[in-house]
Amino acid sequence: MNFYAKLKETVFSVAPVMGLVLLIGSTVAPLGGDMLLRFFLGGLMVIAGLAVFLTGVDIGILPVGERSGAALTSRRNLPLLLCAAFVIGFIITIAEPDVQVLAEQVRGINPSISKWGLVFSIALGVGFFVSLGILRTILSIPLKYILIVSYLIVFAAAWFAPDSLQGVAFDSGGATTGPMTVPFILALGLGVSAVRSKSSGQQEKDSSIERDDSFGLTGIASIGPVLAVVVFGIVLALSGKGEAAQAVQEVTQGEGSQGLFSVILPAVALEVAESLAPLAVMTIILQFTLLKMPPMQVIRTVRGFIFSYAGLVIFLSGAQGGFMPAGHKLGQMLGSLAVSGDKLLVLYNAAGEVERSLGLPAVIQISMLLLTGCIFGAVTVCAEPAVWVLTNQVEALTGGTIRRKVMLTALCTGVAVSIGISMARVLFGFSLWYVLIPGYALSLLLTFFTPKFFTGIAFDSGGVASGPMTSIFILSFTLGASSQGSGNSAADAFGVIALVAMTPLIAIQLLGIVFKIKMKLIQYRESQEVSK
């Protein structure tokens, strides 16, 4: 049982964000005692729920993914493999907590958009592109060609989607790669890659092929939701429902903290049961038709599902009852300061009413929101356990040539800048395209210069930085800040997850080029020594 290891990871991930919010929420932008208590209780539930959920995924769900990939590939039936990959990608996405949180945020902005309609659209996109990724692995198609063609199609289609859903579409690509989807898809891809390399007799001849094929499936899968939500938005626009209203998410008043969670819990429990039920049914079918796991493994799988269900209920209840309302309210307060033009430091009385304010130039007020966003971004990505796993992986892969501290610094800086840009969009309302098009153009251009396995790692890790904290807190904070502006809050706020997910695409590939140059220098020095 690795529960305590998972608990340590989630504490390390969530506690820094909690500490920063509690500090700001009790000084510069007081949230009030009840809201701070709700946030604290919600944070404890997020920590405990995520630890229990990840434990269940490890002991019960991941083995199913890896065994399924290996068993399907060994059948040597390509249509069966691709169809099964589609179904697995579709079902696992429905159970993804980050997708559930994103759908709730979108519904809070525009109640006319069906939550399950959005979730099913995202799941369809993931399923299709997981199949495409598996096909690429089988046929050994270079990853960069799949990425370039897919993103060209995505950007061309997104041009016709409603402005309010363009950010949502690109956010869905980052939200999909969460704690449920990424491990399962990686396990599926590794199973397929291992069987393929063994059957082709190339495992020892060319290990770089296996490493290249083992990475990239998650990066390909994250493209699917973007295209699917773009199509979903075009359909909504044609039906007259594509334009979102201003933010309607408000902090519930008049409920005690414990009472509020007791109201949220039953509804969340039902929704989680609905999202996990298809995955459970799929596992039962796979067990009788393909996997045929021994009794002890079946028992572990059942335990894993029970833990995953309980953890997901606790996690989402804490997110909806404490984290999201506090993030939204804090964003509202800091956003109000930035756009007011006449005050920076607002002092509140015990009832939460404005007592007096200190006026300072507007540039300082705006800088405060931007700086707060950058700090939240740096703290969030630095605290993500998956980021530490990724940096360790790259350091080991490069033999220590690319140090973990260097990569962590690059990611923290990039994500901080991403959140800062998102805050600037909230204040000034410039188009998301001004950032996404140059960013992805640079990312795709770098694929021609960086080593293959670095490209796979980079696009796989696009969702690593955009973990649960980005979905449940940073997005809520941005929505709250955008509600104080004069523009369209949906168009201005959504896109923050996309910008966070874009950072590793550039940072890791640049480090890959550095690694390539260093290796050439080492080889040159060795050749010079031999010649002497």
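No hydrogens, no waters, no symmetry mates; every other heavy atom, side chains included, goes into these values.
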Distance-minimising heavy-atom pair for [X] and [Y]:
{"X": "S476", "Y": "Q105", "value": "OG-NE2, 2.6 Å"}
{"X": "F307", "Y": "G56", "value": "CB-CA, 3.6 Å"}
{"X": "S68", "Y": "I88", "value": "CB-CD1, 4.2 Å"}
{"X": "S172", "Y": "L102", "value": "CA-CD2, 3.6 Å"}
{"X": "W116", "Y": "I94", "value": "CZ3-CG2, 4.0 Å"}
{"X": "T450", "Y": "I513", "value": "OG1-N, 3.7 Å"}

The side chain to side chain donor-acceptor pair (under 3.5 Å) partners of T372 (sequence neighbours excluded) come to none
Looking at residues at least two apart in the chain, or sitting in another chain, which of them share a side chain to side chain donor-acceptor pair (under 3.5 Å) with K115? Q100, E104, E271
Does any part of the side chain of [Y], heavy atoms only, come nearer than 4.5 Å to the side chain of [X], both counted from C-beta?
{"X": "T478", "Y": "M423", "answer": "yes"}
{"X": "L279", "Y": "I61", "answer": "yes"}
{"X": "F459", "Y": "I220", "answer": "no"}
{"X": "I419", "Y": "C374", "answer": "no"}
{"X": "I223", "Y": "I146", "answer": "no"}
{"X": "I497", "Y": "F170", "answer": "no"}
{"X": "I148", "Y": "F448", "answer": "yes"}
{"X": "M324", "Y": "V101", "answer": "yes"}

How far does [atom1] of [X] sit from [atom2] of [Y], to the nearest 0.5 angstrom?
{"X": "D98", "Y": "T93", "atom1": "CG", "atom2": "OG1", "result": "11.5 Å"}
{"X": "L442", "Y": "I437", "atom1": "CG", "atom2": "CD1", "result": "13.5 Å"}
{"X": "F129", "Y": "S150", "atom1": "CZ", "atom2": "OG", "result": "4.5 Å"}

For the backbone of [Y] and the side chain of [X], can you confirm whether one donor and one acceptor N or O come within less than 3.5 Å of each other?
{"X": "S222", "Y": "G219", "answer": "yes"}
{"X": "Q509", "Y": "A458", "answer": "no"}
{"X": "Q287", "Y": "T283", "answer": "no"}

Any luck finding a side-chain donor-acceptor pair between E96 and T176 under 3.5 Å? no
Compute whether any side-chain donor of one residue and acceptor of the other, for S418 and T503, lie under 3.5 angstrom apart. yes
Heavy-atom count around F430 CZ within 6.0 Å, excluding the residue itself: above 12? yes
CZ (F86) with more than 12 external heavy atoms under 6.0 Å: yes
Not counting sequence neighbours, which residues clear ring-ring contact (aromatic ring centres under 6.0 Å, His included) with F315? List them please. none
Determine which pairs satisfy side-chain hydrogen bond (donor to acceptor under 3.5 Å, both in side chains) with at least one residue from residues 122-132, sequence neighbours left out, and list them in order. none
Quick test of your reading: applying side-chain hydrogen bond (donor to acceptor under 3.5 Å, both in side chains), list the pairs with at least one residue in residues 432-441, sequence neighbours left out, ordered by first then second residue. Q166-W433
What about F449 and F454, are their ring centers closer than 6.0 Å? no
Mind telling me whether F477 and F473 have parallel, tilted or perpendicular rings, with 30° and 60° as the class edges? parallel
Partners passing side chain to side chain contact (heavy atoms under 4.5 Å, CB included) against I314 (at least two apart in sequence or in another chain): M45
